[in-house]
Amino acid sequence: MKIQFLGAAQTVTGSCHVIEAAGCRFAVDCGMHQGNKAIEERNFDTELYRPESLDFILLTHAHIDHSGLIPRMAANGFKGTIYCTAPTFDLVSLMLEDSAYIQEMEYSWREKQRSRTGKKKENDLLYSVEDAQKSIQQFSVAEYDKTFEPAPNIKVTFKYAAHILGAAFVIIDITENGEAKRLTFSGDLGRPENMLLFDPAPLEKTDYLFLESTYGNRDHKDEQNSLDELAEAIERSYKLGGKVIIPTFAVERAQEIMYCLCILDKQGKIPQNMPIYLDSPLAIKATEVFINYKDKLDFHEISNNIGLLKEFSQKVHYTLKTEESQQLNALEGPAIILSASGMCNAGRIKHHLKHNIWRPETSVVFVGFQSVGTLGRKIVEGATTVNLMNNELNVAAKIYTINGFSAHAGQSQLLSWVGTIAASKPHIVLIHGEKTAQETLAKCIREKYQLDITIPEYLEELELTAKANAEDTAPTVIKHAVPKLDWQFVLDDLDTRIKQMHTKLANVQERPWEDQTEIHERLAKINQDIYKLIAHL
(Lines give C-alpha, C1' and ligand atoms only; values in the text may rest on other atoms or scores of the structure.)
Protein backbone atom coordinates (compact mmCIF):
# COMPACT_ATOMS: atom_id res chain seq x y z
CA MET A 1 0.00 0.00 0.00
CA LYS A 2 1.41 3.36 -1.07
CA ILE A 3 0.38 6.96 -0.55
CA GLN A 4 1.77 10.04 -2.28
CA PHE A 5 1.30 13.63 -1.10
CA LEU A 6 0.52 15.86 -4.07
CA GLY A 7 -0.43 18.81 -1.90
CA ALA A 8 -1.08 20.01 1.65
CA ALA A 9 2.36 18.67 2.59
CA GLN A 10 4.05 21.26 4.82
CA THR A 11 1.60 23.77 3.37
CA VAL A 12 -2.15 24.36 3.69
CA THR A 13 -3.29 24.34 0.07
CA GLY A 14 -3.60 21.86 -2.78
CA SER A 15 -4.85 18.99 -0.62
CA CYS A 16 -4.49 15.73 -2.54
CA HIS A 17 -3.40 12.37 -1.18
CA VAL A 18 -3.20 9.55 -3.73
CA ILE A 19 -3.46 5.98 -2.43
CA GLU A 20 -2.57 2.76 -4.25
CA ALA A 21 -4.05 -0.27 -2.54
CA ALA A 22 -6.12 -3.39 -3.21
CA GLY A 23 -5.56 -3.03 -6.95
CA CYS A 24 -6.97 0.49 -6.94
CA ARG A 25 -5.60 4.01 -7.30
CA PHE A 26 -7.71 6.76 -5.72
CA ALA A 27 -7.40 10.17 -4.09
CA VAL A 28 -8.60 11.86 -0.95
CA ASP A 29 -9.35 15.44 -2.13
CA CYS A 30 -8.02 17.17 -5.22
CA GLY A 31 -7.48 20.81 -4.28
CA MET A 32 -6.07 23.89 -5.91
CA HIS A 33 -2.66 25.22 -4.86
CA GLN A 34 -2.86 28.84 -3.69
CA GLY A 35 -0.02 31.21 -2.89
CA ASN A 36 2.84 32.75 -4.84
CA LYS A 37 3.55 32.12 -8.52
CA ALA A 38 5.77 29.07 -7.91
CA ILE A 39 3.14 27.41 -5.70
CA GLU A 40 0.28 28.11 -8.12
CA GLU A 41 2.26 26.68 -11.05
CA ARG A 42 1.78 23.28 -9.38
CA ASN A 43 -1.85 23.42 -10.55
CA PHE A 44 -0.65 22.83 -14.11
CA ASP A 45 1.43 19.73 -13.25
CA THR A 46 -1.40 17.47 -14.35
CA GLU A 47 0.88 14.58 -15.28
CA LEU A 48 1.91 14.16 -11.62
CA TYR A 49 -1.69 13.23 -10.76
CA ARG A 50 -2.07 10.72 -13.62
CA PRO A 51 -5.79 11.52 -13.71
CA GLU A 52 -6.59 8.83 -16.29
CA SER A 53 -5.51 6.13 -13.79
CA LEU A 54 -7.53 7.42 -10.82
CA ASP A 55 -10.47 5.14 -10.03
CA PHE A 56 -12.34 7.52 -7.72
CA ILE A 57 -11.96 10.59 -5.48
CA LEU A 58 -13.17 11.00 -1.89
CA LEU A 59 -13.93 14.69 -1.27
CA THR A 60 -13.86 15.79 2.37
CA HIS A 61 -15.49 19.19 1.77
CA ALA A 62 -16.17 21.91 -0.78
CA HIS A 63 -13.39 24.43 -0.16
CA ILE A 64 -11.35 25.13 -3.29
CA ASP A 65 -8.06 24.08 -1.66
CA HIS A 66 -9.62 20.62 -1.43
CA SER A 67 -11.81 20.50 -4.56
CA GLY A 68 -10.47 23.10 -6.99
CA LEU A 69 -8.52 20.82 -9.36
CA ILE A 70 -11.34 18.35 -10.00
CA PRO A 71 -12.44 20.04 -13.28
CA ARG A 72 -8.87 19.93 -14.61
CA MET A 73 -8.53 16.26 -13.66
CA ALA A 74 -11.82 15.43 -15.39
CA ALA A 75 -10.81 17.37 -18.51
CA ASN A 76 -7.50 15.49 -18.60
CA GLY A 77 -8.73 11.92 -18.39
CA PHE A 78 -10.28 11.24 -14.97
CA LYS A 79 -13.47 9.26 -15.60
CA GLY A 80 -14.21 7.97 -12.10
CA THR A 81 -16.73 8.92 -9.44
CA ILE A 82 -16.28 11.70 -6.86
CA TYR A 83 -17.94 10.85 -3.53
CA CYS A 84 -19.05 13.51 -1.03
CA THR A 85 -21.90 14.41 1.33
CA ALA A 86 -25.10 16.09 0.08
CA PRO A 87 -24.31 19.60 1.45
CA THR A 88 -20.80 19.36 -0.01
CA PHE A 89 -22.28 18.52 -3.42
CA ASP A 90 -24.60 21.53 -3.31
CA LEU A 91 -21.76 23.86 -2.31
CA VAL A 92 -19.05 22.45 -4.59
CA SER A 93 -21.39 22.72 -7.59
CA LEU A 94 -21.43 26.47 -7.01
CA MET A 95 -17.78 26.79 -6.09
CA LEU A 96 -16.26 24.97 -9.04
CA GLU A 97 -18.28 26.94 -11.56
CA ASP A 98 -17.34 30.17 -9.77
CA SER A 99 -13.68 29.12 -9.73
CA ALA A 100 -13.84 28.36 -13.46
CA TYR A 101 -15.38 31.75 -14.17
CA ILE A 102 -12.47 33.41 -12.31
CA GLN A 103 -10.00 31.27 -14.28
CA GLU A 104 -11.56 32.42 -17.55
CA MET A 105 -11.59 36.09 -16.52
CA GLU A 106 -7.95 36.02 -15.40
CA TYR A 107 -6.92 34.17 -18.57
CA SER A 108 -8.70 36.79 -20.69
CA TRP A 109 -6.87 39.55 -18.80
CA ARG A 110 -3.50 37.82 -19.32
CA GLU A 111 -4.20 37.43 -23.04
CA LYS A 112 -4.95 41.14 -23.36
CA GLN A 113 -1.71 41.97 -21.57
CA ARG A 114 0.25 39.63 -23.84
CA SER A 115 -1.41 41.09 -26.94
CA ARG A 116 -0.55 44.65 -25.89
CA THR A 117 3.10 43.76 -25.33
CA GLY A 118 3.45 41.68 -28.48
CA LYS A 119 3.85 38.37 -26.69
CA LYS A 120 2.57 35.08 -28.06
CA LYS A 121 -0.64 33.48 -26.85
CA GLU A 122 -0.23 30.86 -24.14
CA ASN A 123 -2.38 27.93 -23.15
CA ASP A 124 -2.47 28.77 -19.43
CA LEU A 125 -6.20 28.48 -18.78
CA LEU A 126 -6.44 26.05 -15.86
CA TYR A 127 -9.98 24.99 -16.79
CA SER A 128 -13.18 26.44 -18.22
CA VAL A 129 -16.73 26.85 -16.97
CA GLU A 130 -17.71 24.02 -19.31
CA ASP A 131 -15.04 21.79 -17.72
CA ALA A 132 -16.46 22.54 -14.27
CA GLN A 133 -20.03 21.85 -15.35
CA LYS A 134 -19.06 18.53 -16.90
CA SER A 135 -17.10 17.42 -13.81
CA ILE A 136 -20.17 17.94 -11.59
CA GLN A 137 -21.85 15.08 -13.49
CA GLN A 138 -19.27 12.69 -12.00
CA PHE A 139 -20.31 13.33 -8.37
CA SER A 140 -22.18 10.85 -6.20
CA VAL A 141 -23.70 11.69 -2.81
CA ALA A 142 -22.85 9.59 0.27
CA GLU A 143 -24.53 9.77 3.66
CA TYR A 144 -22.80 10.45 6.96
CA ASP A 145 -22.13 7.29 9.04
CA LYS A 146 -23.21 4.95 6.24
CA THR A 147 -20.40 2.73 4.95
CA PHE A 148 -20.17 2.15 1.19
CA GLU A 149 -17.77 0.22 -1.05
CA PRO A 150 -16.40 2.27 -4.01
CA ALA A 151 -14.21 -0.68 -5.06
CA PRO A 152 -13.72 -4.29 -3.94
CA ASN A 153 -11.93 -4.58 -0.57
CA ILE A 154 -12.22 -0.83 0.07
CA LYS A 155 -14.89 0.47 2.45
CA VAL A 156 -15.46 4.15 3.14
CA THR A 157 -17.37 6.01 5.86
CA PHE A 158 -17.89 9.78 6.04
CA LYS A 159 -18.08 11.22 9.57
CA TYR A 160 -19.15 14.69 10.68
CA ALA A 161 -16.09 17.01 10.78
CA ALA A 162 -17.74 20.37 11.68
CA HIS A 163 -15.36 22.43 9.54
CA ILE A 164 -17.98 23.77 7.14
CA LEU A 165 -21.44 22.61 6.17
CA GLY A 166 -21.05 19.14 4.68
CA ALA A 167 -17.45 18.62 5.80
CA ALA A 168 -16.41 15.09 6.70
CA PHE A 169 -13.46 13.16 7.97
CA VAL A 170 -13.04 9.94 6.07
CA ILE A 171 -12.51 6.42 7.39
CA ILE A 172 -11.10 4.01 4.81
CA ASP A 173 -10.96 0.28 5.58
CA ILE A 174 -8.71 -1.59 3.16
CA THR A 175 -8.19 -5.33 2.90
CA GLU A 176 -5.06 -6.27 1.00
CA ASN A 177 -3.30 -9.66 0.89
CA GLY A 178 -5.60 -10.87 3.64
CA GLU A 179 -4.63 -8.01 5.98
CA ALA A 180 -7.11 -5.35 7.10
CA LYS A 181 -5.97 -1.80 7.69
CA ARG A 182 -7.80 1.40 8.60
CA LEU A 183 -6.75 4.85 7.38
CA THR A 184 -8.48 7.98 8.68
CA PHE A 185 -8.18 11.36 6.96
CA SER A 186 -9.29 14.27 9.11
CA GLY A 187 -9.88 16.60 6.16
CA ASP A 188 -10.18 20.00 7.80
CA LEU A 189 -11.37 19.45 11.37
CA GLY A 190 -13.72 22.01 12.90
CA ARG A 191 -13.54 23.39 16.41
CA PRO A 192 -16.02 22.39 19.12
CA GLU A 193 -18.71 24.96 19.92
CA ASN A 194 -18.53 26.47 16.45
CA MET A 195 -21.11 29.22 16.09
CA LEU A 196 -22.95 27.54 13.21
CA LEU A 197 -22.10 23.84 13.37
CA PHE A 198 -22.39 20.98 15.81
CA ASP A 199 -19.24 19.48 17.36
CA PRO A 200 -17.07 17.06 15.33
CA ALA A 201 -17.85 13.37 15.65
CA PRO A 202 -15.47 11.46 17.92
CA LEU A 203 -12.45 9.80 16.38
CA GLU A 204 -12.62 6.01 15.98
CA LYS A 205 -9.75 3.55 16.40
CA THR A 206 -7.47 3.61 13.37
CA ASP A 207 -4.06 2.33 12.23
CA TYR A 208 -3.05 5.59 10.52
CA LEU A 209 -4.41 9.04 11.21
CA PHE A 210 -3.70 11.68 8.56
CA LEU A 211 -4.25 14.76 10.68
CA GLU A 212 -4.57 18.38 9.57
CA SER A 213 -2.30 20.79 11.47
CA THR A 214 -3.25 24.28 10.25
CA TYR A 215 -3.22 25.66 13.79
CA GLY A 216 -0.91 23.05 15.29
CA ASN A 217 1.17 25.72 17.02
CA ARG A 218 -1.54 27.83 18.65
CA ASP A 219 -5.04 28.04 20.06
CA HIS A 220 -7.77 30.47 19.08
CA LYS A 221 -9.18 33.36 21.05
CA ASP A 222 -12.50 32.55 22.63
CA GLU A 223 -15.74 33.47 20.92
CA GLN A 224 -16.58 36.50 23.06
CA ASN A 225 -13.14 38.07 22.69
CA SER A 226 -13.41 37.67 18.93
CA LEU A 227 -16.82 39.33 18.87
CA ASP A 228 -15.48 42.18 21.02
CA GLU A 229 -12.54 42.70 18.66
CA LEU A 230 -14.84 42.77 15.64
CA ALA A 231 -17.06 45.30 17.44
CA GLU A 232 -13.95 47.40 18.19
CA ALA A 233 -12.99 47.51 14.50
CA ILE A 234 -16.53 48.56 13.56
CA GLU A 235 -16.65 51.28 16.21
CA ARG A 236 -13.22 52.62 15.22
CA SER A 237 -13.97 53.03 11.54
CA TYR A 238 -17.47 54.37 12.19
CA LYS A 239 -16.09 57.16 14.37
CA LEU A 240 -13.40 57.96 11.79
CA GLY A 241 -15.84 57.86 8.87
CA GLY A 242 -14.11 54.89 7.24
CA LYS A 243 -14.95 51.41 6.04
CA VAL A 244 -14.50 47.99 7.63
CA ILE A 245 -13.18 45.65 4.94
CA ILE A 246 -13.48 41.94 5.77
CA PRO A 247 -11.80 39.50 3.34
CA THR A 248 -13.85 36.38 3.75
CA PHE A 249 -14.08 32.90 2.33
CA ALA A 250 -17.41 32.67 0.51
CA VAL A 251 -18.42 29.36 2.09
CA GLU A 252 -18.86 29.09 5.88
CA ARG A 253 -16.77 32.10 6.89
CA ALA A 254 -19.02 34.63 5.16
CA GLN A 255 -22.07 33.01 6.76
CA GLU A 256 -20.43 32.87 10.20
CA ILE A 257 -19.36 36.52 10.07
CA MET A 258 -22.87 37.50 8.97
CA TYR A 259 -24.14 35.57 11.98
CA CYS A 260 -21.66 37.40 14.22
CA LEU A 261 -22.83 40.73 12.82
CA CYS A 262 -26.38 39.64 13.61
CA ILE A 263 -25.37 39.04 17.24
CA LEU A 264 -23.58 42.42 17.44
CA ASP A 265 -26.60 44.11 15.90
CA LYS A 266 -28.84 42.51 18.53
CA GLN A 267 -26.44 43.86 21.19
CA GLY A 268 -26.64 47.38 19.71
CA LYS A 269 -22.97 47.39 18.67
CA ILE A 270 -23.56 48.19 14.99
CA PRO A 271 -24.67 51.78 14.29
CA GLN A 272 -28.06 51.79 12.58
CA ASN A 273 -26.81 54.10 9.83
CA MET A 274 -23.76 51.95 9.01
CA PRO A 275 -24.67 49.84 5.97
CA ILE A 276 -23.52 46.24 5.57
CA TYR A 277 -22.66 44.78 2.17
CA LEU A 278 -22.11 41.15 1.25
CA ASP A 279 -20.13 41.63 -1.96
CA SER A 280 -19.61 38.11 -3.23
CA PRO A 281 -22.01 36.38 -5.62
CA LEU A 282 -20.70 33.00 -4.48
CA ALA A 283 -21.20 33.84 -0.80
CA ILE A 284 -24.75 35.01 -1.54
CA LYS A 285 -25.58 31.77 -3.36
CA ALA A 286 -23.84 29.68 -0.68
CA THR A 287 -25.95 31.39 1.99
CA GLU A 288 -29.04 30.00 0.24
CA VAL A 289 -27.56 26.50 0.57
CA PHE A 290 -27.00 27.10 4.30
CA ILE A 291 -30.65 28.15 4.64
CA ASN A 292 -31.74 24.96 2.87
CA TYR A 293 -29.83 22.95 5.49
CA LYS A 294 -30.82 25.08 8.50
CA ASP A 295 -31.81 21.95 10.43
CA LYS A 296 -28.12 20.91 10.23
CA LEU A 297 -26.93 24.15 11.86
CA ASP A 298 -26.53 25.02 15.54
CA PHE A 299 -27.58 28.63 16.23
CA HIS A 300 -26.75 28.35 19.92
CA GLU A 301 -26.05 32.06 20.47
CA ILE A 302 -29.56 33.20 19.64
CA SER A 303 -31.50 30.07 20.52
CA ASN A 304 -32.31 28.96 16.99
CA ASN A 305 -34.06 32.27 16.32
CA ILE A 306 -34.30 32.00 12.54
CA GLY A 307 -36.72 34.92 12.57
CA LEU A 308 -34.02 37.20 13.99
CA LEU A 309 -31.59 36.10 11.29
CA LYS A 310 -34.15 36.81 8.58
CA GLU A 311 -34.84 40.25 10.09
CA PHE A 312 -31.12 41.03 10.14
CA SER A 313 -30.62 39.74 6.60
CA GLN A 314 -33.05 42.37 5.37
CA LYS A 315 -30.60 45.05 6.56
CA VAL A 316 -27.81 43.60 4.43
CA HIS A 317 -27.19 44.77 0.87
CA TYR A 318 -26.38 41.89 -1.49
CA THR A 319 -24.30 42.97 -4.50
CA LEU A 320 -24.57 40.31 -7.17
CA LYS A 321 -23.75 42.47 -10.19
CA THR A 322 -20.27 43.77 -11.03
CA GLU A 323 -21.60 47.32 -11.39
CA GLU A 324 -23.07 47.17 -7.87
CA SER A 325 -19.69 46.10 -6.51
CA GLN A 326 -17.91 48.89 -8.36
CA GLN A 327 -20.30 51.47 -6.90
CA LEU A 328 -19.05 50.58 -3.41
CA ASN A 329 -15.64 52.04 -4.32
CA ALA A 330 -17.21 55.47 -4.64
CA LEU A 331 -19.34 55.08 -1.52
CA GLU A 332 -18.96 57.93 0.98
CA GLY A 333 -18.87 57.40 4.75
CA PRO A 334 -18.70 54.35 7.02
CA ALA A 335 -19.72 50.87 5.83
CA ILE A 336 -19.00 47.21 6.47
CA ILE A 337 -17.98 45.25 3.36
CA LEU A 338 -17.54 41.47 3.31
CA SER A 339 -15.93 40.28 0.10
CA ALA A 340 -14.01 37.34 -1.35
CA SER A 341 -11.46 35.94 -1.68
CA GLY A 342 -10.47 35.23 1.90
CA MET A 343 -6.71 35.33 1.20
CA CYS A 344 -7.01 38.42 -1.06
CA ASN A 345 -5.46 36.66 -4.05
CA ALA A 346 -8.40 37.12 -6.41
CA GLY A 347 -11.89 38.48 -6.73
CA ARG A 348 -13.61 41.67 -5.65
CA ILE A 349 -11.70 42.06 -2.37
CA LYS A 350 -8.65 43.28 -4.31
CA HIS A 351 -10.64 46.25 -5.61
CA HIS A 352 -11.87 47.15 -2.11
CA LEU A 353 -8.34 46.99 -0.72
CA LYS A 354 -7.05 49.08 -3.62
CA HIS A 355 -9.54 51.83 -2.79
CA ASN A 356 -9.22 51.67 1.00
CA ILE A 357 -6.02 50.12 2.37
CA TRP A 358 -4.14 53.42 2.08
CA ARG A 359 -6.77 55.25 4.17
CA PRO A 360 -6.00 55.55 7.94
CA GLU A 361 -9.71 55.46 8.77
CA THR A 362 -10.08 51.98 7.22
CA SER A 363 -10.10 48.79 9.29
CA VAL A 364 -9.15 45.56 7.49
CA VAL A 365 -10.32 42.55 9.48
CA PHE A 366 -8.83 39.13 8.66
CA VAL A 367 -10.98 36.27 9.96
CA GLY A 368 -9.30 33.26 8.35
CA PHE A 369 -5.96 31.59 7.76
CA GLN A 370 -3.61 33.36 5.32
CA SER A 371 -1.39 30.97 3.38
CA VAL A 372 2.28 31.63 2.57
CA GLY A 373 2.72 33.75 -0.55
CA THR A 374 -0.77 35.24 -0.55
CA LEU A 375 -1.49 38.96 -0.43
CA GLY A 376 -3.39 38.45 2.82
CA ARG A 377 -0.35 36.83 4.45
CA LYS A 378 1.85 39.77 3.45
CA ILE A 379 -0.59 42.23 4.99
CA VAL A 380 -1.04 40.40 8.31
CA GLU A 381 2.74 40.01 8.60
CA GLY A 382 3.09 43.78 8.57
CA ALA A 383 3.80 44.81 4.97
CA THR A 384 4.04 48.60 4.80
CA THR A 385 3.28 48.64 1.07
CA VAL A 386 1.42 46.24 -1.22
CA ASN A 387 1.07 45.96 -4.96
CA LEU A 388 -2.56 45.86 -5.98
CA MET A 389 -3.43 45.72 -9.66
CA ASN A 390 -0.13 47.34 -10.67
CA ASN A 391 -0.46 50.04 -7.99
CA GLU A 392 2.10 50.29 -5.17
CA LEU A 393 -0.01 51.33 -2.19
CA ASN A 394 0.82 52.37 1.34
CA VAL A 395 -0.76 50.27 4.08
CA ALA A 396 -2.24 52.91 6.37
CA ALA A 397 -5.37 51.00 7.43
CA LYS A 398 -5.49 49.36 10.85
CA ILE A 399 -5.11 45.59 10.43
CA TYR A 400 -7.02 43.19 12.69
CA THR A 401 -6.37 39.44 12.75
CA ILE A 402 -9.13 37.57 14.57
CA ASN A 403 -8.41 33.83 14.54
CA GLY A 404 -11.26 33.10 16.94
CA PHE A 405 -13.55 32.81 13.95
CA SER A 406 -11.46 30.06 12.42
CA ALA A 407 -13.24 27.00 11.08
CA HIS A 408 -10.20 24.91 12.04
CA ALA A 409 -9.54 23.23 15.38
CA GLY A 410 -6.78 24.85 17.43
CA GLN A 411 -3.84 23.01 18.95
CA SER A 412 -5.59 21.96 22.19
CA GLN A 413 -8.64 20.76 20.28
CA LEU A 414 -6.51 18.68 17.90
CA LEU A 415 -4.72 17.12 20.86
CA SER A 416 -8.00 16.30 22.59
CA TRP A 417 -9.36 14.67 19.44
CA VAL A 418 -6.23 12.52 19.06
CA GLY A 419 -6.32 11.70 22.76
CA THR A 420 -9.55 9.72 22.44
CA ILE A 421 -7.72 6.93 20.57
CA ALA A 422 -4.12 7.50 21.73
CA ALA A 423 -4.14 4.31 23.81
CA SER A 424 -4.46 2.21 20.64
CA LYS A 425 -1.17 3.71 19.36
CA PRO A 426 -2.10 4.88 15.85
CA HIS A 427 0.64 6.26 13.62
CA ILE A 428 0.09 9.98 13.00
CA VAL A 429 0.85 11.60 9.64
CA LEU A 430 0.64 15.39 9.81
CA ILE A 431 -0.77 17.10 6.72
CA HIS A 432 -2.33 20.45 5.81
CA GLY A 433 -0.09 22.70 7.89
CA GLU A 434 3.03 24.81 7.59
CA LYS A 435 6.24 23.21 8.81
CA THR A 436 6.59 25.25 12.00
CA ALA A 437 3.02 24.44 13.05
CA GLN A 438 3.54 20.75 12.27
CA GLU A 439 6.79 20.50 14.21
CA THR A 440 5.17 22.12 17.25
CA LEU A 441 2.14 19.83 17.10
CA ALA A 442 4.33 16.76 16.57
CA LYS A 443 6.32 17.62 19.71
CA CYS A 444 3.11 18.02 21.71
CA ILE A 445 1.69 14.69 20.50
CA ARG A 446 4.93 12.85 21.24
CA GLU A 447 5.21 14.33 24.72
CA LYS A 448 1.57 13.83 25.66
CA TYR A 449 0.77 10.49 24.03
CA GLN A 450 4.14 8.94 23.03
CA LEU A 451 2.92 8.38 19.47
CA ASP A 452 5.05 8.10 16.33
CA ILE A 453 4.76 11.00 13.87
CA THR A 454 5.57 11.40 10.18
CA ILE A 455 5.63 14.81 8.45
CA PRO A 456 5.71 14.21 4.68
CA GLU A 457 6.97 16.70 2.12
CA TYR A 458 5.46 17.65 -1.22
CA LEU A 459 5.60 14.70 -3.67
CA GLU A 460 6.93 12.36 -0.99
CA GLU A 461 5.68 8.81 -1.28
CA LEU A 462 5.23 6.48 1.68
CA GLU A 463 4.80 2.72 1.81
CA LEU A 464 2.48 1.61 4.58
CA THR A 465 3.19 -1.70 6.24
CA ALA A 466 0.92 -4.59 5.37
CA LYS A 467 0.51 -5.49 9.03
CA ALA A 468 -2.05 -3.82 11.25
CA ASN A 469 -0.43 -4.16 14.68
CA ALA A 470 0.93 -0.95 16.22
CA GLU A 471 4.57 -2.02 16.27
CA ASP A 472 4.67 -2.39 12.48
CA THR A 473 2.76 0.68 11.34
CA ALA A 474 5.70 3.05 10.78
CA PRO A 475 5.68 3.97 7.07
CA THR A 476 8.73 3.76 4.86
CA VAL A 477 9.78 6.62 2.57
CA ILE A 478 10.22 5.13 -0.88
CA LYS A 479 10.34 8.28 -2.94
CA HIS A 480 11.36 11.83 -2.17
CA ALA A 481 11.06 13.96 -5.28
CA VAL A 482 10.73 17.46 -3.86
CA PRO A 483 12.40 19.85 -6.32
CA LYS A 484 15.31 21.70 -4.74
CA LEU A 485 16.11 25.31 -5.57
CA ASP A 486 19.62 26.12 -6.77
CA TRP A 487 20.36 29.18 -4.62
CA GLN A 488 24.06 29.33 -5.42
CA PHE A 489 23.43 29.56 -9.16
CA VAL A 490 21.00 32.47 -8.69
CA LEU A 491 23.38 34.34 -6.38
CA ASP A 492 26.39 33.77 -8.65
CA ASP A 493 24.36 34.92 -11.65
CA LEU A 494 23.30 38.05 -9.75
CA ASP A 495 26.95 38.84 -8.99
CA THR A 496 27.77 38.42 -12.70
CA ARG A 497 24.96 40.79 -13.71
CA ILE A 498 26.14 43.42 -11.22
CA LYS A 499 29.68 43.23 -12.63
CA GLN A 500 28.27 43.59 -16.14
CA MET A 501 26.28 46.60 -14.96
CA HIS A 502 29.41 48.31 -13.64
CA THR A 503 31.14 47.74 -16.98
CA LYS A 504 28.20 49.00 -19.02
CA LEU A 505 27.77 52.10 -16.83
CA ALA A 506 31.45 53.12 -16.93
CA ASN A 507 30.79 55.72 -19.62
CA VAL A 508 27.10 56.39 -18.99
CA GLN A 509 27.72 60.10 -18.30
CA GLU A 510 28.72 60.57 -21.94
CA ARG A 511 25.21 59.64 -23.09
CA PRO A 512 22.38 62.21 -23.57
CA TRP A 513 20.91 63.50 -20.34
CA GLU A 514 17.47 62.09 -21.21
CA ASP A 515 18.96 58.59 -21.61
CA GLN A 516 20.80 58.94 -18.31
CA THR A 517 17.60 59.82 -16.42
CA GLU A 518 15.75 56.81 -17.82
CA ILE A 519 18.61 54.43 -16.95
CA HIS A 520 18.97 56.03 -13.51
CA GLU A 521 15.25 55.58 -12.77
CA ARG A 522 15.27 51.92 -13.82
CA LEU A 523 18.40 51.19 -11.78
CA ALA A 524 16.90 52.97 -8.76
CA LYS A 525 13.77 50.80 -9.04
CA ILE A 526 15.88 47.62 -9.19
CA ASN A 527 17.78 48.80 -6.13
CA GLN A 528 14.52 49.47 -4.29
CA ASP A 529 13.21 45.99 -5.15
CA ILE A 530 16.42 44.41 -3.81
CA TYR A 531 16.13 46.50 -0.64
CA LYS A 532 12.55 45.28 -0.12
CA LEU A 533 13.63 41.68 -0.66
CA ILE A 534 16.44 42.03 1.90
CA ALA A 535 14.01 43.56 4.40
CA HIS A 536 11.65 40.63 3.85
CA LEU A 537 14.31 37.96 4.49
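When reading the values below, keep in mind they use all heavy atoms of this one structure, side chains included, and skip hydrogens, waters and symmetry mates.
Gln113 meets the side-chain hydrogen bond (donor to acceptor under 3.5 Å, both in side chains) test with Arg116; sequence neighbours excluded. Taking the side-chain hydrogen bond (donor to acceptor under 3.5 Å, both in side chains) definition, one finds that Glu111 meets it with Arg114, sequence neighbours left out. The side-chain hydrogen bond (donor to acceptor under 3.5 Å, both in side chains) search around Glu130 returns Lys134, not counting sequence neighbours. Partners of Lys159 under the salt bridge (charged side-chain N to carboxylate O under 4.0 Å, His left out) rule, at least two apart in sequence or in another chain, are Asp145, Glu204.
For the pair Phe139 and Ser135, the tightest heavy-atom approach, listed with the atom from each and the gap, is CD1-O, 3.4 Å.
Between the side chain of Thr374 and the backbone N or O of Gln370 there is no donor-acceptor pair closer than 3.5 Å. Of the possible donor and acceptor atoms, one in the side chain of Arg72 sits under 3.5 Å from a partner among the backbone N and O of Leu126. Panel note: side chain Gln138, backbone Gly80; a donor-acceptor pair is recorded below 3.5 Å. Under a 3.5 Å cut-off, the side chain of Thr287 and the backbone N or O of Ala283 do form a donor-acceptor pair. Thr214 contributes no side-chain N or O that, together with a main-chain N or O of Gly433, makes up a donor-acceptor pair within less than 3.5 Å. Remark: side-chain polar atoms of Tyr144 are paired, donor with acceptor, to backbone N or O of Gly166 under 3.5 angstrom.
Taking the six-membered ring for Trp, Phe169 and Tyr160 have ring centres at least 6.0 Å apart. Within the 6.0 Å centre-distance limit, the rings of Phe185 and His17 are counted as a close aromatic pair. The six-membered or imidazole ring of His408 lies away from that of His220, with a centre-to-centre distance of 6.0 Å or more.
A salt bridge does not link Arg348 with Glu324: none of the charged nitrogens is closer than 4.0 Å to a carboxylate oxygen. A salt bridge is defined here as a Lys NZ or Arg NE, NH1 or NH2 lying under 4.0 Å from an Asp or Glu carboxylate O, and Glu256 with Arg191 meets this definition.
More than 12 heavy atoms of other residues, nucleotides or ligands shown are found within 6.0 angstrom of OH on Tyr107. The number of heavy atoms from other shown groups lying within 6.0 Å of CD (Glu106) is above 12.
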Only distances under 3.5 Å count here; give the side-chain donor-acceptor pairs of residues 18-32 to other protein atoms, sequence neighbours excluded, each with its distance to 0.1 Å.
| residue | atom | partner | partner atom | Å |
| --- | --- | --- | --- | --- |
| Arg25 | NH1 | Tyr49 | O | 2.9 |
| Arg25 | NH1 | Arg50 | O | 3.1 |
| Arg25 | NH1 | Ser53 | OG | 2.9 |
| Arg25 | NH2 | Tyr49 | O | 3.0 |
| Asp29 | OD1 | Thr60 | N | 2.8 |
| Asp29 | OD1 | Thr60 | OG1 | 3.1 |
| Asp29 | OD2 | Thr60 | OG1 | 2.9 |
| Asp29 | OD2 | His66 | ND1 | 2.8 |

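With 3.5 Å as the limit, one finds a donor-acceptor pair spanning the side chains of Thr88 and Thr85. Ser325 and Asp279 share a side-chain donor-acceptor pair at under 3.5 Å.
Side chains of His427 and Val429 form a contact here, defined as non-hydrogen atoms less than 4.5 Å apart.
The distance from the CD atom of Glu149 to the CD1 atom of Ile154 is 8.5 Å, given to the nearest 0.5 Å. Atoms CG and CZ, from Asn123 and Phe44 in turn, are 8.5 Å apart once rounded to the nearest 0.5 Å.
The salt bridge (charged side-chain N to carboxylate O under 4.0 Å, His left out) analysis of residues 79-103, with sequence neighbours excluded, yields no pairs.
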